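Computed from a prediction, not measured in an experiment: that's the story for all the values here. Residue numbers start at 1 and run along the sequence shown.
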Amino acid sequence: MLLLAASASAATEEKAQPILVNDTSRVVDLDEVVIVSQPKETARLRQQPLSSSAFGAQEMQQLQVTSLGQLSDYVPSFVMPQYGSRLTSSMYIRGIGSRLNNSAVGIYYDHIPLMSKAAFNTHFYMLDRVDVLRGPQGTLYGGNSEGGIVRIYSKNPMAYQGTDISLGLGMGAGYGRKAEVAHYHRPSDCLAFTVAGFYNSHDGFFLNQNLNEKNDAIDEAGAKARLIWRPSSRLTFDLTTDYQFTLQNGFPYGAYDADRDETALPSTTFMNTYRRQMVNTGLTLSYNFENYLLTSTTSHQYLWDRMMMDQDYVVADYLSLQQKQKMNGVTQEVVLRSANVCSRWQHATGLFGSHQWLTTDAPVGFGQDMTAMLDAMMARIMPATHTMTFSNYHVPGHFRTPQTIAALYHESSLRLADRLTAILGLRYEHHEIKNDYRTTALADITMTMQIHGRPAPMVMQIPYESHYQSEVKKTSNQLLPKFALTYSLSPLTSNLYVSVSKGYLAGGYNFQGFSDIFQMEMRSLGAAFPRDGKVVHDEADQAQRDQQISYDAETTWNYEAGTHLDLFHHKVKADVALFYTQIRNQQISRMSPDYGFGRIVDNAGRSYSCGLETALRGSAFDNHLAWAATYSFTHAKFKDYDDYDSARQPVSYKGNYVPFIPLHQFSATADYRFDIADPVLRSITLGANVKGQGKTYWEADNAMSQDFYATLGAHLTFSLNKVDVDFWARNLTNTKYNIFLVNSQMTQQSFAQPGQPLHAGLDLRLHL
């Protein structure tokens, strides 16, 4: 577990109010400094039989972390690439992940489970702590936690008071600006509240050559409030609401030259944009029955977003996609757990339910260059006496996909002997997703026919229409067991553990497959095109399309062994884990195989992932030096995956690496504090960090990849009485690398998104 929070202990303890020792609603880890409420677990992270990482507020400041993607660079086996917009929030842990639709990694924000992947990639600010738990957490957290979970905690105004102000300026290819303010107030022993807001803006790094505008500029703002009321020592109400607005240019994909390993600047027909508004609100109620803690968490989540995307990534006008989403979701969870830490039997029992209303409009537009391509295609398959040309071709699509989840779970921790503890858990989860969709291909067609005996050809204007409309449903019932043994080597944190657990990721439906479906349909019609232009589909045809856009649930079994060690008189903490995961029906994101007009989710038959995770942290020189290092190796391959290529020829990917998963990841950080005997300047901290990953394959055929690369960062912090002044720099070596690559069968080109170049900045942090 990576923890540099020890270096933040002095500042944290100065600001924190005393916490009662008999407050059994909290889990206290003296190593981790930050105290957080846990409704499901009684043990500290390093006492639990799992591989995890935790980060305190000051550590994230030292690393200049403002998003989960940046944080993932310092977590073993955790990858969250910055794919080009806040919409894309793909996360992978131990080779398990999902690029589209449902997430295989769950996120909890102040105990609220975020339901939409479009809400995962947000701006971090005024946080207290972030935990990353690796491996299936299905018993306690359900089907969205097949790869693991991320728990995010904001600062608790019951324990932290004052006003925090943070101002930032970034410099590189463009300027960045950041302003954050939060006020924490406790007017009485039973009432406390937080109000906070932020503004974040960046000019962008990558210039769109055709539009002369930065392709990754962003403006976003938000506000949040938290109210905690304790009418008695047993009862607590905790209400949180968070609003964020995002407006950005996105997807800075440039043409990639594999021979020269160079990525050009983006150049598109129009600017890709993404706009999002979201509100997450949750109420947590907890009641302490002395030996038991009852917790209820209720949430409502609203999200509206719109994406405009040039799907061909070139100046020529082929395809455009405008996707709008509107989501409303509610969740309810009730947990009863033991609160007597001295008992040999610790247990938690819970009920969970959620419902999500999601409406998606995803019309695809065909530009003039695409229309010319269709005209040429039809010319090849039409008789010599016929010609067919298209205009105003577009594919509107409307999708309603409500989802319902209901679950019952229990987990028991039984101390079998003084040093040996067993954990048994089981969750029953019911998942249902519906897809009520209407999609249509519309075009104006001009057909010219040369008829024998007539001097002039016959010209017909035909309004082409082809409709698919259906309502389909997938239902999944899963039992998610867990078994673990922990053997304590010392009374504090050193231990050995083994665990076996099951995870799953629900199936679903593809939205972006209909463009290819209609193209294949038109090609098959050819000269048999109906005279009135209206294509009729029978029940068998509709059933085939329903199956074509569907993909199945993914299931995993994870086997793990690890240790948490305190070494050299608690000066060094080491965490090591070995894992092997069997995966069935792994959900793979890929370009649609026929024309490559959009990404779809498909199932591979069987695959596996195995690897090693290590993390070290420590301090030296009377706590003036704080350091940490991580390394992970992830070997994820297909055992059975048969498909066909663009020429419709069968191909097997057996033995190939699973795409998007780096084989190696590492990070190292060090911060040295110089104490200053001055009434104004208290200390100077000099820090450096290095992180790297690779090799990463981009597609299942493993034809293209990103080699291993590393980047270097540094910061210099001056701590005054109430102000910290932090100078920082990232990618000091200006390393060139790609964080995403896609192959377009339509233009027969590859496009990549490069990583951010050298940039630096200044942060001012003030506490009043």
Side-chain angles (χ1 to χ4, degrees), residues 64 66-67 69-70 73 80-90 99 121 123 168-178 200-220 246-258 260-276 307-321 599 660 693 696 698 704 706-707 709 711-713 728-744 747 749-761:
Q64 294 86 46
T66 59
S67 69
Q70 294 172 343
D73 292 331
M80 189 179 180
Q82 302 300 289
Y83 278 153
S85 81
R86 291 290 195 195
L87 170 67
T88 310
S89 54
S90 306
R99 196 169 181 276
N121 194 345
H123 178 78
L169 177 66
M171 294 164 286
Y175 284 95
R177 297 151 293 273
K178 180 182 70 174
N200 180 50
S201 174
H202 199 283
D203 296 335
F205 294 95
F206 307 108
L207 181 69
N208 190 301
Q209 293 179 300
N210 185 50
L211 304 174
N212 197 31
E213 181 182 355
K214 291 293 180 66
N215 220 121
D216 56 335
I218 183 171
D219 284 282
E220 55 186 348
T246 299
L247 178 62
Q248 67 178 136
N249 297 341
F251 313 105
Y253 303 156
Y256 176 68
D257 187 333
R260 302 172 61 183
D261 191 23
E262 291 183 357
T263 302
L265 289 171
S267 186
T268 55
T269 312
F270 59 88
M271 180 57 69
N272 301 318
T273 60
Y274 180 62
R275 181 175 181 176
R276 178 183 69 186
M307 175 187 68
M308 295 285 293
M309 187 176 188
D310 185 350
Q311 282 191 291
D312 49 75
Y313 320 123
V314 295
V315 175
D317 189 8
Y318 288 98
L319 285 174
S320 63
L321 171 66
R599 281 200 169 267
F660 310 127
Q693 60 178 252
T696 304
W698 299 123
M704 304 187 77
Q706 170 61 56
D707 290 334
Y709 67 90
T711 61
L712 177 66
W728 55 265
R730 299 183 187 134
N731 196 2
L732 284 167
T733 55
N734 202 27
T735 301
K736 290 181 171 54
Y737 60 95
N738 292 320
I739 58 178
F740 180 64
L741 185 141
V742 60
N743 294 312
S744 172
T747 60
Q749 287 180 276
S750 298
F751 299 89
Q753 179 184 335
Q756 294 178 351
L758 166 67
H759 56 293

Test item: S90 and F660 side chains (from C-beta on) under 4.5 Å apart, heavy atoms | no
Nearest-0.5 Å distance, CZ of residue R275 to CE of residue M308 = 12.5 Å
Chi angles and distances behind the side-chain contact (heavy atoms from CB on, under 4.5 Å) call for Y318, Q311 = CA-CA 8 Å; Y318 288 98; Q311 282 191 291; over 6 Å; no
Can you say whether the rings of Y709 and Y737 are parallel (under 30°), tilted (30 to 60°) or perpendicular (over 60°)?
-> parallel
Taking all non-hydrogen atoms of both residues, which atom of A752 and which atom of T263 are closest, and how far apart?
-> O-CG2, 3.5 Å
For N272 and D310, indicate whether the former's side chain and the latter's backbone hold a donor-acceptor pair under 3.5 Å.
-> yes
Quick one: OH on Y313 to CD on Q749, what's the gap to the nearest 0.5 Å?
-> 12.0 Å
Nearest atoms (heavy-atom pairs only) where P252 meets P754 | O-CD, 3.9 Å
Using a 4.5 Å cut-off on heavy atoms from C-beta on, say whether the side chain of Q82 contacts that of I739.
-> yes
Under 4.5 Å between any side-chain heavy atoms of F751 and V314, yes or no?
-> yes
First locate atom CG of D312, then atom OH of Y253, and finally report the distance between them rounded to the nearest 0.5 Å.
-> 13.5 Å
I would like to know whether M307 and L321 meet side-chain contact (heavy atoms from CB on, under 4.5 Å); could you show each step before the answer?
-> CA-CA 8 Å; M307 175 187 68; L321 171 66; 3.7 Å; yes
Over all atoms of both residues, closest heavy-atom pair of N215 and G250 | ND2-O, 2.9 Å
Sub-4.5 Å side-chain heavy-atom contact between F251 and D216 = no
Taking T269 for its side chain and V315 for its backbone only, find out whether a donor-acceptor pair lies under 3.5 Å.
-> yes
For K214 and G204, work out which heavy atoms get closest and say how close.
-> NZ-O, 3.1 Å
Modelled atom types, side-chain donor and acceptor of Y274 and N249, under 3.5 Å | no
Side-chain (T273) to main-chain (Q248) donor-acceptor, under 3.5 angstrom | no
Could you go through the side-chain contact (heavy atoms from CB on, under 4.5 Å) check for N208 and M271 one step at a time?
-> CA-CA 8 Å; N208 190 301; M271 180 57 69; 4.0 Å; yes
Quick one: pull up NE2 in H759 and CG in N734 and give me the separation to the nearest 0.5 Å.
-> 10.5 Å
For the pair Q753 (side chain) and F740 (backbone), establish whether a donor and an acceptor sit closer than 3.5 Å, ignoring hydrogens and angles.
-> no
Should T246 and H123 be marked as a side-chain contact (heavy atoms from CB on, under 4.5 Å) after you check the CA-CA gap, both sets of side-chain angles, and the distance that decides it?
-> CA-CA 10 Å; T246 299; H123 178 78; over 6 Å; no
Check N210 against S267 and note the closest heavy-atom contact, atom names and distance.
-> CB-OG, 3.4 Å
Test applied, side-chain hydrogen bond (donor to acceptor under 3.5 Å, both in side chains); reference residue, R177; option that passes from N200, D219, D203 = D203
Closest non-hydrogen atoms of N743 and S750, given as atom of the first, atom of the second and distance, are OD1-OG, 2.5 Å
Between CD on residue E262 and CG on residue N738, distance to nearest 0.5 Å = 11.0 Å
What's the spacing between E220 CD and R276 CZ if we round to 0.5 Å?
-> 7.5 Å
Side chains of L207 and N212: does their closest heavy-atom pair fall under 4.5 Å?
-> yes
Between D261 and K736, is any pair of side-chain heavy atoms under 4.5 Å apart?
-> no
